[in-house]
**Q** 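This is the structure, below, for whatever I ask next.
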There are 2 protein chains.
Amino acid sequence: MTDDGQRIRIDARRNRDRIVEAARELFTRHGLSVSTNEVARHAGVGIATVLRRFPTRDDLVGAVFLPKMAGYRHAMSAALAEPDPWHGFSQFLETVCGMQVADLGFTEVLIRTFPTARALESQRDEVAADFGRLIARAQSAGRLRPDFAHQDLVVILMANAGVVAASGPAAEAASRRLVGHLLRSFAVASHGHSLPALPSPPSRTAMYLAMLRLRPAPPKPATRR
Amino acid sequence: MTDDGQRIRIDARRNRDRIVEAARELFTRHGLSVSTNEVARHAGVGIATVLRRFPTRDDLVGAVFLPKMAGYRHAMSAALAEPDPWHGFSQFLETVCGMQVADLGFTEVLIRTFPTARALESQRDEVAADFGRLIARAQSAGRLRPDFAHQDLVVILMANAGVVAASGPAAEAASRRLVGHLLRSFAVASHGHSLPALPSPPSRTAMYLAMLRLRPAPPKPATRR
DNA sequence: GGATAACCGGATAAGGCGCTCCAGATGGTG
DNA sequence: CACCATCTGGAGCGCCTTATCCGGTTATCC
């Protein structure tokens, strides 16, 4: 997905890079719903140029998020390298949910599939497979509840995506809080080990403002009412 | 919001009801993003009729979801009436998250505010106030963790909204699973009381299909490459 | 059974979207 | 250095959105 046809003119290559860079910024800030028009405008190229280089939305998404997906894989490697199985497990969830907080587009990428973006999906599959090992390790060590299931990862990512999308500026605090709650639920209560204190919740006013903020942006110049 | 001007012609009244009914169906199935056009079409009235009766989107949302909001309030009353404080608490969360599963529009209503829809907001405020009592009661009984905060309700609703929106047909199972996890986290581990088994997770294929499903619907007849 | 105010809904304006097409600019190569 | 394939940007199409305007219809009151 990075580059397939070797025979690409260098000006085309430069434009391609500018498009990907613009798309990354916009996706990160506003999510995947950003229009192709806007990507083109922001990149300083014509609409057709974007469409020619990335005929499908998935092509663009794939090109933009491949590096982030590599980061996802890397988080898993780091988790498996962690000597303490529970630490590895909890650290993985915290890291990944943190990645969602930091990037609205990636938040969506993690809870959808993009069947045509093979490179992206193969990375995701690897992480999914390793997640099984991460679970098994923590469960064997008696630190993770036996009824924690592989599918719970997606449920967690979807839940966190909801928090991230809905709570705007308070996303950081809200997400940490959610993950804190969940980790308490997943951990086996044991005598030797005590869980860290719950991250403090977002302030009430922050949550209220988040609920207020959450409405579709009005078009540029409108009489409004 | 139900009806303010008494002097409304009965044909106008009938149209109003048809609009609200159509909007309820569409909002429930597809969320609040349904266009006014579509509501009008589905109700069998002109666009102008909808706009005249409900000048603001919030007016329509308010009219549509006032009954559901009453149901929300009722769920809280029932929870407070429950003799066992923990039962009341957990039952409330289960009920409300179940309401989100059953109604995509209401899912969004619960995580936004609609400042102009006073009737709606006053109900929400009442529930919010009572939620404080619900918490206090369960904490006094030593069944709810002391660090559970009032703000956590909104975080939970946002998380559940994410699961509901993202998991489509698997929403029921995924949501129950999430709530099950969370309740385990909120409960004080005690000798006398044992928590119920975790609801079983959605199947892996169901979650995969959900991730596949989650893409913007293509327009009616398109070449679609 | 009229008169009249309220009400209706389609047409229309103004904008955005994805997407295609094509005349012209430009890079790489013989 | 000249040629041609490659690449470009924007105009144009068809469809959507929200919101307003206005000629015709209809319920209600006298």
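We name chains A, B, ... by the order of the sequence lines, and we start the count at 1 in each one. Hydrogens, waters and symmetry mates are skipped; everything else that's a heavy atom, side chains included, is used.
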**Q** Taking atom C1' of D:dT17 as reference, at what distance in whole Å does atom CG of B:Leu51 sit?
**A**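 Computing the B:Leu51:CG to D:dT17:C1' distance gives 11 Å.
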**Q** Please determine, for the side chain of A:Ala48, which listed nucleotide (C:dC19, C:dG10, D:dG9) has the closest atom?
**A**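 Side chain of A:Ala48 sits closest to D:dG9.
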**Q** Please state how far atom CZ in B:Arg41 lies from atom P in C:dG9, giving the value in whole angstrom units.
**A**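 These atoms are roughly 14 Å apart.
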**Q** Checking B:Leu120 against B:Tyr72 for the side-chain contact (heavy atoms from CB on, under 4.5 Å) test, could you report, in this order, the C-alpha distance in whole Å, the side-chain angles of both residues, the deciding distance, and whether it holds?
**A** CA-CA 11 Å; B:Leu120 213 64; B:Tyr72 184 50; over 6 Å; no
**Q** Regarding B:Asn15 and B:Thr49, do their side chains bring together a donor and an acceptor under 3.5 Å, going by distance alone?
**A**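 No pair is found: no donor N or O on one side chain lies under 3.5 Å from an acceptor on the other.
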**Q** Rounded to whole Å, how long is the line connecting atom CZ of A:Arg53 with atom P of C:dC19?
**A**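 In whole Å, C:dC19 P and A:Arg53 CZ are 17 Å from each other.
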**Q** Which parts of nucleotides 22-30 of chain D does protein reach within less than 4.0 Å, heavy atoms only, written one letter per nucleotide 5' to 3' as B for base, S for sugar-phosphate only and - for none?
**A** ----BSSS-
**Q** Do the side chains of A:Asp130 and A:Arg133 get close enough for a salt bridge, i.e. N-O under 4.0 angstrom?
**A**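 A:Arg133 and A:Asp130: salt-bridged.
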**Q** Mind checking if B:Arg57 touches a base, just sugar-phosphate, or nothing, with heavy atoms under 4.0 Å?
**A**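 Nothing, no heavy atom under 4.0 Å.
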**Q** Extract all donor-acceptor atom pairs below 3.5 Å that involve side chains of residues 101-111 of chain A and protein atoms in other chains or at least two apart in sequence.
**A**
{"from": "A:Asp103", "atom 1": "OD1", "to": "A:Gly105", "atom 2": "N", "distance (Å)": "2.9"}
{"from": "A:Asp103", "atom 1": "OD1", "to": "A:Phe106", "atom 2": "N", "distance (Å)": "3.0"}
{"from": "A:Asp103", "atom 1": "OD2", "to": "A:Thr28", "atom 2": "OG1", "distance (Å)": "3.1"}
{"from": "A:Asp103", "atom 1": "OD2", "to": "A:Lys68", "atom 2": "NZ", "distance (Å)": "2.7"}
{"from": "A:Thr107", "atom 1": "OG1", "to": "A:Gln100", "atom 2": "O", "distance (Å)": "2.7"}
{"from": "A:Thr107", "atom 1": "OG1", "to": "A:Asp103", "atom 2": "O", "distance (Å)": "2.9"}
{"from": "A:Glu108", "atom 1": "OE1", "to": "A:Arg112", "atom 2": "NH2", "distance (Å)": "3.1"}
{"from": "A:Glu108", "atom 1": "OE2", "to": "A:Leu32", "atom 2": "N", "distance (Å)": "3.1"}

**Q** Find out whether B:Met69 and B:Arg73 are in side-chain contact, i.e. whether some heavy atom of one side chain is under 4.5 Å from a heavy atom of the other.
**A**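 With C-beta onward as the side chain, the pair stays apart.
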**Q** Round to the nearest Å and state the distance from B:Leu60 atom CG to D:dT18 atom P.
**A**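 One finds 11 Å between P of D:dT18 and CG of B:Leu60, rounded.
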**Q** Is the closest side-chain heavy-atom distance between B:Arg16 and B:Arg13 below 4.5 Å?
**A**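 Result yes, sub-4.5 Å side-chain heavy-atom pair found.
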**Q** Specify the closest pair of heavy atoms between A:Val163 and B:Val155, including all atoms of both residues, with the distance to one decimal.
**A**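 That closest heavy-atom pairing would be CG2-O, 3.8 Å.
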**Q** Please determine if a side-chain N or O atom of A:Asn15 lies less than 4.0 Å away from the OP1 or OP2 oxygen of D:dT8.
**A**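 Checking D:dT8 against A:Asn15, a side-chain N or O does come within under 4.0 Å of OP1 or OP2.
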**Q** Any idea which of C:dA11, C:dG9, C:dC19 is nearest the B:Ile47 side chain?
**A**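 Closest nucleotide among those given: C:dA11.
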**Q** Expressed as a whole number of angstroms, how long is the span from B:Phe54:CZ to C:dC8:P?
**A**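 Rounded to the whole Å, the gap is 11 Å.
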**Q** What residues from residues 30-38 of chain B pass a heavy-atom cutoff of under 4.0 Å to DNA chain D?
**A**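 Residues of residues 30-38 of chain B under 4.0 Å from DNA chain D: B:Ser35, B:Thr36, B:Asn37.
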**Q** With a 4.0 Å cut-off, would you call A:Glu21 and A:Arg24 a salt bridge?
**A**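 Yes, this pair counts.
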**Q** Should the pair B:Phe148 and B:Phe131 be assigned to parallel (<30°), tilted (30 to 60°) or perpendicular (>60°) ring geometry?
**A**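 Correct class here is perpendicular.
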